[in-house]
Asks: 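The structure's right below; bear with me while I get my questions together.
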Amino acid sequence: MLRYAHRHLAKTTALLGFLAAVACGSMAYAQADVIAERQKLMKEIGDGMKALAPVFKGTEALGEKAEASAKLIEANFSKARDLFPAGSTSKDSDALETIWSENAGFLTGFDKAEESAAAVVEASARKEDADFKAALAKLGQTCKSCHEKYRKPSN
Amino acid sequence: MPRPSWLRILLGVCVLGAFGLGAALWVTRPEPLAANKLPADHVDDVENGRELFLVGGCLSCHGPDPAQNPQADTALPSGGKPLPTPVGTFFPPNLTPDPETGIGDWSPETFANAMLRGVSANSEHLFPAFPYTSYQHMTVEDVLDLRAYLMSLPAVRQAPRGDSVPLSAIARPFIGLWNLLALDGKNFEPDPTRPASWNRGAYLVEAPGHCGECHTPRDIFLVPERSRYLEGGPHPSEAGKVPSLRGLVGGRAYATSEDLYDAFKYGEMFGYDGLSSGGMGQVQANLASINDSDLRAIVDYLASLK
């Protein structure tokens, strides 16, 4: 009887251990996933900003192409804001703990980024050069002020 | 004559040691500039001083923290936020011309001694949290122009906050010994084989810009390693590393010099996201505001570093 109980306990422990390992593994996998996903979105935002540079410099006309880039930036911000679950950082991530310890400020940063991106979209649609430049400068500033606080120095 | 006991020998060694140490500290005592080192006929150039103030990023350390002091004008160097270091916490002082709480009563000599020799207004060694180790390479004329600019600013009365450095009294005299390793007393030497713009850039990076303070690794005595100039190193206060400034252009970071120029001038507005974290954000803002020819000079110089 006792031997049976032992065996039963051993089986239960093994099963629980296996489930725990699967759970941890899938959490780590999910975390790696959100990190990769938000990094992709941020990279696209960066590329979108680079695409707007010639318009700011006046070597490209302000028009539909700029509007499309700005729309992509705005859409990516609204997707990326939900991809920072608590503690989701790793050696492959530049996310700092301040994202979660000062989470309200971090999310306000996203609000501002989305607002500024929307202003760039709007100015592009109206083809208002001065408004476009001012909105792009403001958008760059929102990127910067978050990266200053919530991102590890780059290597 | 009695034979010396061990006690006497020990005492003798201690006396000799104390004498040797005293001599070493005396030899490395604060050494102000000779009065004749200051040019008698210098005419202050406030505009040049302002440019050096921006290149040096003085506000990054000496500008007030709006979080702690919301009323303070952040454009004036009335004293910065606490600077934590391995030896304690320093409070970057008020550089506005208020005679009591700022540098209003500092003579040109006093200012030049701080910048070029690391000697304080009361003739003590300054801690190298203030990067005189880079500023020593500035020309005396530039130092005087920088002072003239600071003196042209509105005076702000901001009581000094005492540094919190527990071993300050004991450690301070020993800074002279450290200075033997870290100060060479040499002016910046232009390279005659290079164009003027390159030399201007090299000077701005090395002396007023003090880039090497973070971008050059330090040896076990915390002296920047000249042989590994601008090769990058551990970040002084945060997680991560300070990147190398060698091979910046043509590699992964910046395809061309124009890219590097755009990154300094426009930063994140053009999608250059590598210059915001780790304290570099303020440096980029400063660089974006300097004269275009100086920014181009800095880029010329950095692009040449392999």
Side-chain angles (χ1 to χ4, degrees), chain A residues 39 41-57 59-60 66 69-70 72-73 76-77 89-99 102 105 109 112-113 116-117 120 132-155, chain B residues 57 60 63 65-67 74 81 211 213-215 217 231-248 251-256 258-289 292:
Chain A
Q39 282 176 344
L41 293 171
M42 289 290 186
K43 173 81 177 54
E44 286 173 3
I45 292 173
D47 292 344
M49 299 290 280
K50 281 197 171 77
L52 295 173
V55 184
F56 186 93
K57 283 187 169 178
T59 52
E60 253 179 48
S69 294
L72 175 91
I73 293 168
N76 278 18
F77 273 128
T89 183
S90 73
K91 66 174 175 35
D92 300 321
S93 166
D94 288 332
L96 283 175
E97 283 296 330
T98 42
I99 289 176
E102 295 164 29
K112 282 188 190 160
S116 316
V120 180
F132 167 81
K133 283 185 176 172
L136 189 64
K138 206 172 158 200
L139 178 57
Q141 195 50 50
T142 60
C143 299
K144 180 173 180 167
S145 62
C146 274
H147 285 155
E148 280 183 314
K149 275 186 229 153
Y150 304 112
R151 191 189 198 192
K152 252 183 242 172
S154 53
N155 291 325
Chain B
S60 299
D65 179 10
T74 51
K81 56 178 149 188
C211 308
E213 297 288 332
C214 287
H215 287 278
E231 281 184 15
H235 197 281
S237 61
E238 293 175 39
K241 286 181 185 164
V242 179
S244 170
L245 301 184
R246 297 187 167 270
L248 270 184
R252 199 164 51 96
Y254 305 98
T256 62
E258 200 57 27
D259 265 342
L260 183 60
Y261 171 85
D262 278 351
F264 284 148
K265 184 82 186 172
Y266 304 103
E268 300 243 20
M269 187 167 57
F270 283 7
Y272 295 99
D273 63 334
L275 293 173
S276 297
S277 48
M280 196 59 198
Q282 281 173 313
V283 178
Q284 186 260 319
N286 288 329
L287 289 172
S289 63
D292 211 51

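Below, read A as the first sequence line, B as the second, and so on, with proteins coming before strands; counting in each chain starts at 1. None of the values given here were measured: they were computed from a predicted structure.
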Asks: Taking the side chain from A:Lys50 and the backbone from B:Gly271, do they hold a donor-acceptor pair closer than 3.5 Å?
Replies: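 Indeed, once roles are kept as given, a pair shorter than 3.5 Å links the two residues.
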Asks: What residue, out of A:Gly140, A:Ala53, A:Ala51, has the most heavy-atom pairs lying under 4.5 Å from chain B?
Replies: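 Among A:Gly140, A:Ala53, A:Ala51, the one with the most close pairs to chain B is A:Ala53.
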Asks: For residues A:His147 and B:Glu268, report the shortest heavy-atom separation together with the two atoms involved.
Replies: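 So the two residues come closest at ND1-OE2, 2.7 Å.
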Asks: Identify the two heavy atoms, one from B:Met269 and one from A:Met49, that lie closest to each other, and give their separation to 0.1 Å.
Replies: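 Of all heavy-atom pairs spanning B:Met269 and A:Met49, the closest is O-CE, 3.4 Å.
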Asks: Less than 4.5 Å to any heavy atom of chain A: does that hold for the side chain of B:Ala253, its backbone, both, or neither?
Replies: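 Neither part; nothing is under 4.5 Å.
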Asks: If I take atom NZ from residue A:Lys152 and atom NE2 from residue B:His235, how far apart are they, to the nearest 0.5 angstrom?
Replies: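 So the NZ of A:Lys152 and the NE2 of B:His235 are separated by 12.5 Å.
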Asks: How would you list, by chain and number, every residue that makes a side chain to side chain contact (heavy atoms under 4.5 Å, CB included) with B:Asn286, sequence neighbours excluded?
Replies: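 B:Asn286 satisfies side chain to side chain contact (heavy atoms under 4.5 Å, CB included) with B:Ser60 only.
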Asks: Is it the side chain or the backbone of A:Phe56 that comes within 4.5 Å of chain B heavy atoms, both, or neither?
Replies: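 Interface part for A:Phe56: side chain.
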Asks: Under 4.5 Å from any heavy atom of chain B, what part of A:Leu136 do you find: side chain, backbone, both or neither?
Replies: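 Its backbone and side chain both get close to chain B.
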Asks: Spell out, as yes or no, whether a donor-acceptor pair under 3.5 Å connects the side chain of A:Arg151 to the backbone of B:Asp273.
Replies: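 Answer holds: yes.
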Asks: Is it the case that atom NZ in A:Lys43 sees more than 12 heavy atoms from other parts of the structure closer than 6.0 Å?
Replies: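 Counting other residues, nucleotides and ligands, NZ of A:Lys43 stays at 12 neighbours or fewer.
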Asks: State the NZ-OG distance between A:Lys149 and B:Ser276, to the nearest 0.5 angstrom.
Replies: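 Those atoms lie 12.5 Å apart.
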Asks: Can you confirm whether more than 12 heavy atoms, excluding those of A:Lys133, are under 6.0 Å from its NZ atom?
Replies: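 Above 12, so yes.
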